[in-house]
There are 2 protein chains.
Amino acid sequence: MKKVLIAYRLLPEGLKDLEGKYDITLPERSYLRKEEVLEMIGDYEVLVPNFSFYTGQDIIDRGTKLELISNYGVGYNNIDVEYATQKGIAVTNIPNSTREPTAEFAFALLLAAGRRIGYYDRKLRTDDGVSWGIYAEGGLAVFGKTLGIIGMGRIGQALARRAVASGMHIIYHNRNRLDETIEKKYDARYVSLDELLRTADYISLNAPSTPETFHLIGEEELAKMKPSAVFINTARGNMVDEKALARALGKEKIAAAALDVFEDEPNILPELLTLDNVVLAPHAATKTREYRIGMSIEMARNIVGFYEKTFPVSRVNK
Amino acid sequence: MKKVLIAYRLLPEGLKDLEGKYDITLPERSYLRKEEVLEMIGDYEVLVPNFSFYTGQDIIDRGTKLELISNYGVGYNNIDVEYATQKGIAVTNIPNSTREPTAEFAFALLLAAGRRIGYYDRKLRTDDGVSWGIYAEGGLAVFGKTLGIIGMGRIGQALARRAVASGMHIIYHNRNRLDETIEKKYDARYVSLDELLRTADYISLNAPSTPETFHLIGEEELAKMKPSAVFINTARGNMVDEKALARALGKEKIAAAALDVFEDEPNILPELLTLDNVVLAPHAATKTREYRIGMSIEMARNIVGFYEKTFPVSRVNK
């Protein structure tokens with residue numbers, strides 16, 4: 001029986017496909033620390049890592065029996081995929097179960113930042129309150145506005161579908177331009193990153209985190225944005241220079257932001273916590289019990305599919 | 001020149017259609033109080049009332065020259081339309097400019113309540129913080145869930161369009177069942193109010209406030225809802241028994257609510273201000289500068305259209 005080390009305490013509802021056929025180890029606390037994984041990994045063929053540590057050369061070297069790293073996430077910047085590949089270890093991710101939840105959360109954040117949902121909810125509970133007048137402390141329109149999507153993959157497209165139905169126009173930037181049929185579906189126009197930053201009213205980051213996208217949005221990029229721009233990040237924290245973003249928000253160089261991811265999670269830059277024009281979330285884009293169980297199922301089926309060929313496998317290396 | 005008394009300090013950008021042809025009076029403060037309107041109204045042919053007082057028999061009786069009440073809102077529960085009709089005074093409202101903004105805000109609230117956007121943003125800024133674990137303090141799924149819309153008029157349908165693109169199923173209750181072509185557009189199923197309350201995951205109130213809809217949602221209706229139900233009100237506060245709702249939320253008889261309107265605006269029931277499972281907003285569904293100017297334009301064109309027949313008029317009485 002293949003031994004599977006799962007570094008998150010996932011609910012059994014999502015692991016039924018493994019039951020009886022794989023020897024599963026789950027942590028007693030909510031997740032395993034790196035030192036624990038290092039100590040245990042020598043006995044396991046499969047590792048399901050988590051995002052609180054990097055699964056790099058040290059873990060892979062100790063995992064002498066490792067055949068598969070089955071990631072519980074769509075992004076896999078928590079894994080040294082290149083080294084795993086060198087060692088002949090397969091790496092898989094879960095793009096299907098994360099697509100709609102993440103796009104949904106990105107759109108929830110977009111609306112919350114534009115229409116000031118977080119701000120109102122916070123202020124009404126304080127002694128200061130909020131003005132009920134017809135203009136004071138108003139938000140920004142969404143209907144009729146342009147959404148610039150950086151990274152028009154599955155999540156970006158699921159976001160575009162929501163935005164189009166809400167009366168938004170779509171422009172996008174991507175490593176490769178999409179097929180015309182996909183562009184037509186969302187009436188989406190391919191533009192340079194420069195044009196996207198300069199013209200979009202709302203800008204959503206939906207690209208993968210890679211060495212090339214580190215600090216993709218920094219001081220220079222923020223300076224190109226409209227003063228009325230709203231920036232949304234549900235991708236990865238390291239793609240944004242958080243200090244530059246906090247400065248831009250503090251000086252109202254851009255109007256607002258909504259952030260689900262941060263450079264040093266679970267720590268949030270203290271400046272951001274005091275700003276009224278930002279909506280903050282604790283990396284919760286897929287955080288409902290139902291969505292998280294769906295992700296477990298997809299993750300488990302990558303394992304079963306890898307060994308038994310009974311499910312399709314979302315492999316990220318060759 | 002017809003004299004127009006506008007009880008809100010509307011921005012001149014929205015009143016261009018009246019310029020030079022109508023004699024406009026705007027308040028110096030953000031709005032006129034009832035006593036001021038009572039004192040002034042005798043000189044005016046047109047009144048644009050506000051929502052901080054009721055335009056009833058007293059105002060209408062003093063308005064001996066009144067020909068038109070041009071409401072700055074789609075709901076007109078702030079006006080005694082029946083009495084105005086008896087006196088031969090026309091009443092108009094603004095359904096077009098309010099439709100998309102209100103549906104947009106209702107959907108923003110739905111997502112915020114389900115996915116806990118307000119909660120996360122508030123808690124992350126406190127010393128308590130929020131768990132970054134994979135299940136703790138998670139929200140509720142939206143994708144694949146059923147939205148029950150009470151009042152499937154223009155706003156309800158604009159909400160349905162957004163919800164369908166977000167993977168929701170639509171059921172609705174309305175005074176009259178809609179045409180099959182409209183039902184098909186949203187794959188919407190007409191159900192009794194009872195069935196809607198018992199089966200919907202999300203319930204949005206989008207009906208007009210009338211004597212028949214006073215406390216439409218009370219203790220009995222809340223008791224029919226699922227424990228996982230999320231209730232959204234962007235219609236009018238008096239359609240909901242606020243105390244019963246606060247009790248249901250406090251005892252977690254329903255999962256969450258999002259409220260833009262209240263029984264005694266601008267006062268919010270103190271119990272609601274302390275609950276974590278409610279998102280609160282200050283009657284801000286159309287509150288962006290751009291949307292509010294669009295509303296002024298529609299309101300002004302009701303006046304011009306009424307006198308000059310150059311614009312269509314949204315008349316609410318005969």
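Protein chains get the first letters and strands the later ones, always in sequence-line order, with residue 1 at the start of each. Everything numeric here is computed off the predicted structure, so don't read it as measured data. Computation of the quantities below employed the complete heavy-atom set of this structure, encompassing side-chain atoms and omitting hydrogens, waters and symmetry-equivalent molecules.
Within a 6.0 Å radius of CG in A/Asn267, other residues, nucleotides and ligands contribute more than 12 heavy atoms. For B/Tyr186, the OH atom counts as densely surrounded, since its 6.0 Å shell holds more than 12 non-hydrogen atoms of other residues, nucleotides or ligands. Within a 6.0 Å radius of CG in B/Asp264, other residues, nucleotides and ligands contribute more than 12 heavy atoms. Residue-environment remark: NZ (A/Lys34) exceeds the threshold of 12 foreign heavy atoms within 6.0 Å. Within 6.0 Å of NZ on A/Lys185 lie no more than 12 heavy atoms contributed by other residues, nucleotides or ligands. Applying the 6.0 Å contact sphere to CD of A/Glu252 captures no more than 12 heavy atoms from other residues, nucleotides or ligands.
What you find for B/Ala112 and A/Ile117 is that their closest heavy atoms are CB-CG2, 3.7 Å. For the pair B/Arg162 and A/Ser166, the tightest heavy-atom approach, listed with the atom from each and the gap, is CG-OG, 3.5 Å.
When each of A/Thr286, A/Val278, A/Asn50, A/Asp260 is scored by its heavy-atom pairs under 4.5 Å with chain B, the top score falls to A/Val278. Looking only at heavy-atom pairs under 4.5 Å with chain B, the residue among A/Ser52, A/Gly144, A/Ser30, A/Ala284 that has the most is A/Ala284. When B/Ala141, B/Ala258, B/Gly118, B/Gly138 are compared by the number of non-hydrogen pairs under 4.5 Å with chain A, B/Ala141 comes out ahead. The most heavy-atom pairs under 4.5 Å with chain B, out of A/Ile268, A/Asp121, A/Leu111, come from A/Asp121. Interface remark: of the candidates A/Pro266, A/Ala108, A/Ala158, A/Pro266 forms the most heavy-atom pairs closer than 4.5 Å to chain B. Annotation: maximal heavy-atom pairing with chain A below 4.5 Å, among B/Phe107, B/Tyr31, B/Phe105, B/Tyr8, occurs at B/Phe105.
A/Tyr120 is not listed as a side-chain neighbour of B/Val279, based on a closest heavy-atom distance of 4.5 Å or more.
With a 4.5 Å cut-off on non-hydrogen atoms, A/Thr274 touches chain B through its backbone but not through its side chain. Proximity to chain B is absent for every atom of A/Leu259, based on heavy atoms less than 4.5 angstrom apart. Neither the backbone nor the side chain of A/Leu110 comes within contact range of chain B; no heavy atoms are under 4.5 Å apart. B/Arg116 does not touch chain A: none of its heavy atoms, backbone or side chain, sits under 4.5 Å away. Proximity to chain B is limited to the side chain of A/Tyr72, based on heavy atoms less than 4.5 angstrom apart. In this structure, no portion of A/Val164 lies under 4.5 Å from any heavy atom of chain B. With a threshold of 4.5 angstrom between heavy atoms, A/Ala285 approaches chain B through N, CA, C or O but not through any side-chain atom.
The closest donor-acceptor contact from the side chain of A/Arg125 to the backbone of B/Leu273 lies under 3.5 Å. Counting only distance, with no hydrogens or angles, the side chain of A/Glu100 and the backbone of B/Gly167 share no donor-acceptor pair below 3.5 Å. A/Arg161 places a side-chain N or O within donor-acceptor distance of the main-chain N or O of B/Ala165, the cut-off being under 3.5 Å. At distances below 3.5 Å, not a single donor-acceptor pair connects side-chain atoms of B/Arg115 with backbone N or O atoms of A/Thr288.
Scanning residues 129-137 of chain B against chain A with a 4.5 Å non-hydrogen threshold yields B/Val130, B/Ser131, B/Trp132, B/Gly133, B/Ile134, B/Tyr135, B/Ala136, B/Glu137, sorted by number. Against chain B, the residues from residues 289-299 of chain A that qualify, each with a non-hydrogen atom under 4.5 angstrom away, are A/Arg289, A/Glu290, A/Tyr291, A/Arg292, A/Ser296 in number order.
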